[in-house]
Protein chains: 2
Amino acid sequence: MARTPLREPVAPEIGHTAYRRLREGIASGQFHPNERLVEASVATRLGVGRTAVRAALVRLDQEGLVTLEPNRGARVRLISDREALEIEEVRATLEAMLARRAASRATATDLRDLRLVVVEMRQRVAKNDAIGYSDLNARFHHRIWAAADHAIASRLVGSLKSQSIRLQYQTILRPGRTERSLREHEAIFEALKAHDPELAEESMRAHLAEVQETLKWAIDGLRHAPTWLPG
Amino acid sequence: MARTPLREPVAPEIGHTAYRRLREGIASGQFHPNERLVEASVATRLGVGRTAVRAALVRLDQEGLVTLEPNRGARVRLISDREALEIEEVRATLEAMLARRAASRATATDLRDLRLVVVEMRQRVAKNDAIGYSDLNARFHHRIWAAADHAIASRLVGSLKSQSIRLQYQTILRPGRTERSLREHEAIFEALKAHDPELAEESMRAHLAEVQETLKWAIDGLRHAPTWLPG
DNA sequence: CACGGACAGATTGTCGACATTATTGAGGAT
DNA sequence: ATCCTCAATAATGTCGACAATCTGTCCGTG
């Protein structure tokens, strides 16, 4: 059976440019949480029409990145600490399921690629390159989703991930985290390689439990030294 | 801590009427799968402007009920059999998680309401009222989501449910299904009443495994006697 | 007869204008 | 001094029109 691609090959969708740029702007922090997104201003700033901005806002609202209130406009959604933890919890549940499936279905190619990622991870850890490690981390998980071949779950997990971007760069700053994370990834890889669904699910669950812990740590850190102020 | 409401008290959102009516129309089968949704036609049919229809389509696309291709318009999305099963699988995973949480957090009010639902269910089964039973089934699960107090997961599960509506009315037609379903719900209720997270998760998982089986049965049935034809 | 290009109809994408609605600030009464 | 009223302002919601794009058909050519 042909494997379903994670992203449709051709799906540029509507209001694409405005949507992507707004999304990018929110993710990168150009638009701060709780900031009002006035359609006209955003339109001129992005160099598109108000209609496109509108479509983008509706989509981002549905996606959970902005809140849209009738007659009151749009704001960049501030993901509360509680929501961030809830998101991570759901992500853990779904990724555990995906890991289980991936263990049964992973092809030789999947395993080869995952092995490459793990090898590169070791190098990044040795070089203390946390940013590079973070990218590899994303690639590792993404590869597992592909191997699991579960379009619905993959889409949901990807959507969840984009919502909690705000805290992503905080979590990798925890001292000693990357080393432990590497070991967890190695364990997951070994389970996949052994085609052991039970073990794969369990090691993924353990990994994401650690991530949750780190997230709590990051939240506590931010609580005492916020990088932004509501305004 | 105040429990997060499942739906915000005041959030009529934008393009609300068009969105709701289109969604209703798709769910009730007025718009058939794969049917083209021409903006102008839908607008006149629903008695709203094209702009509202557009916003509704974008939202429904994000939600997965319609597909939106650039310059080629919108179609009612045909959920493939495979996707339907995937959706059910994810739903099972998330609802199992929610049941676990609900077991720990269910209040006396939650349990009283659930008990009422179960009692009513028995009466509907006795009367062979499959439709009424189906409504109660929705109420039962909804109540558990509320008790679990997990906004993110609840939203996702609700969204998933709306996507697989097409087969909903097929599954309840299976002979003897309602009786078994009732017993499964009773088991879940008992687990929640006992505040046993492990048992609640397990009985919910068992229940949804049965639902998955029934779904497969319904799909096989439709394959031999489709109620609609692509056109 | 098959194939390909051009034309016509239909539909979507985008923009601007106007109506509707919330918000803000000043002014006055208590 | 505080609160209420009400107008001014800004932003959103909606509509119609035009341009860009796609689809299907017809006709000419090989």
Side-chain angles (χ1 to χ4, degrees), chain A residues 8-23 25-26 30-78 230-231, chain B residues 8-26 30-78 229-231:
Chain A
E8 280 80 313
V10 277
E13 290 163 4
I14 282 167
H16 191 51
T17 57
Y19 167 67
R20 203 167 40 177
R21 294 189 58 184
L22 238 182
R23 192 192 158 104
I26 293 173
Q30 289 184 271
F31 297 98
H32 301 284
N34 265 338
E35 179 178 342
R36 262 196 90 181
L37 294 174
V38 177
E39 295 179 1
S41 312
V42 175
T44 57
R45 180 166 169 180
L46 263 58
V48 299
R50 205 158 73 93
T51 308
V53 173
R54 224 178 152 63
L57 287 177
V58 169
R59 185 161 297 181
L60 291 168
D61 171 61
Q62 195 75 18
E63 204 170 337
L65 267 75
V66 311
T67 58
L68 211 50
E69 286 176 292
N71 292 323
R72 299 195 54 199
R75 289 176 173 277
V76 178
R77 178 142 189 220
L78 170 63
Chain B
E8 278 82 313
V10 280
E13 290 162 4
I14 282 168
H16 192 53
T17 58
Y19 167 67
R20 203 168 39 179
R21 295 190 58 184
L22 236 183
R23 191 194 160 105
E24 194 72 24
I26 294 173
Q30 288 184 272
F31 298 98
H32 299 261
N34 265 341
E35 178 178 343
R36 268 197 81 182
L37 295 174
V38 177
E39 295 178 2
S41 313
V42 175
T44 58
R45 180 166 170 182
L46 263 58
V48 297
R50 204 160 71 95
T51 308
V53 173
R54 228 180 149 60
L57 288 177
V58 169
R59 186 162 295 180
L60 290 168
D61 170 62
Q62 195 75 17
E63 204 170 338
L65 267 75
V66 312
T67 58
L68 212 51
E69 285 176 292
N71 291 323
R72 300 195 54 199
R75 288 175 173 278
V76 178
R77 178 140 189 223
L78 170 64
L229 292 171

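Bear in mind the structure is a predicted one, so any value in this text is a computation, not a measurement. Lettering follows sequence order; numbering is per chain, from 1.
- Nucleotide D:dG13 holds its P atom 16 Å from the OH atom of B:Tyr19, rounded to whole Å.
- Rounded to whole Å, the distance from CG on A:Leu46 to P on C:dT14 is 13 Å.
- The side-chain heavy atoms of B:Ile26 and B:Arg77, taken from C-beta on, include no pair separated by under 4.5 Å.
- Toward the 5′ end of DNA chain C lies the nearest nucleotide of B:Ala40, the other residue of the pair A:Thr51 and B:Ala40 mapping further downstream.
- Within the model, atoms CG of B:Leu37 and CG of B:Leu60 stand 8.5 Å from one another, a figure rounded to the nearest 0.5 Å.
- Annotation for B:Glu35 and B:Gln30: closest pair OE1-O, 4.1 Å, computed over non-hydrogen atoms.
- For the OP1/OP2 pair of D:dT12 and a distance below 4.0 Å, the side-chain nitrogens and oxygens of A:Arg54 include no atom meeting the criterion.
- The side chain of B:Pro70 lies closest to C:dG13 when the candidates are D:dA11, C:dG13, C:dT11.
- Between B:Arg72 atom CZ and D:dC22 atom C1' there is a gap of 8 Å when expressed in whole angstrom units.
- Heavy-atom nearest nucleotides on DNA chain D were determined for B:Gly47 and for B:Arg36, and the one closer to the 5' end corresponds to B:Gly47.
- Comparing C:dC15, D:dC15, D:dG13 by their nearest atom to the side chain of A:Glu39 picks out D:dG13.
- Backbone-only contact: B:Leu37 has heavy atoms under 4.0 Å from sugar-phosphate atoms and none from a base.
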Kindly give the atom pairs (protein nitrogen or oxygen, nucleotide nitrogen or oxygen) under 3.5 Å for nucleotides 17-21 of chain D.
{"residue": "D:dA17", "atom": "N6", "partner": "B:Arg50", "partner atom": "NH2", "Å": "3.4"}
{"residue": "D:dT21", "atom": "O3'", "partner": "B:Asn71", "partner atom": "ND2", "Å": "3.3"}

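- Residue A:Arg75 contributes atom CZ, which lies 13 Å from atom C1' of D:dA11 at whole-angstrom precision.
- Side-chain atoms of A:Leu22 and A:Leu65, non-hydrogen and from C-beta on, never get closer than 4.5 Å to each other.
- Here the closest heavy-atom approach between residue B:Ala55 and residue A:Val58 is recorded as O-CG1, 3.9 Å.
- Here C:dT11 presents its P atom at 16 Å from CG of B:Leu68, a figure rounded to the nearest Å.
- Residues meeting the salt bridge (Lys or Arg N to Asp or Glu O under 4.0 Å) test with B:Arg50, sequence neighbours left out: B:Glu39.
- Contact record, A:Val53 with A:Ala18: N-CB, 4.3 Å, taken as the closest heavy-atom pair.
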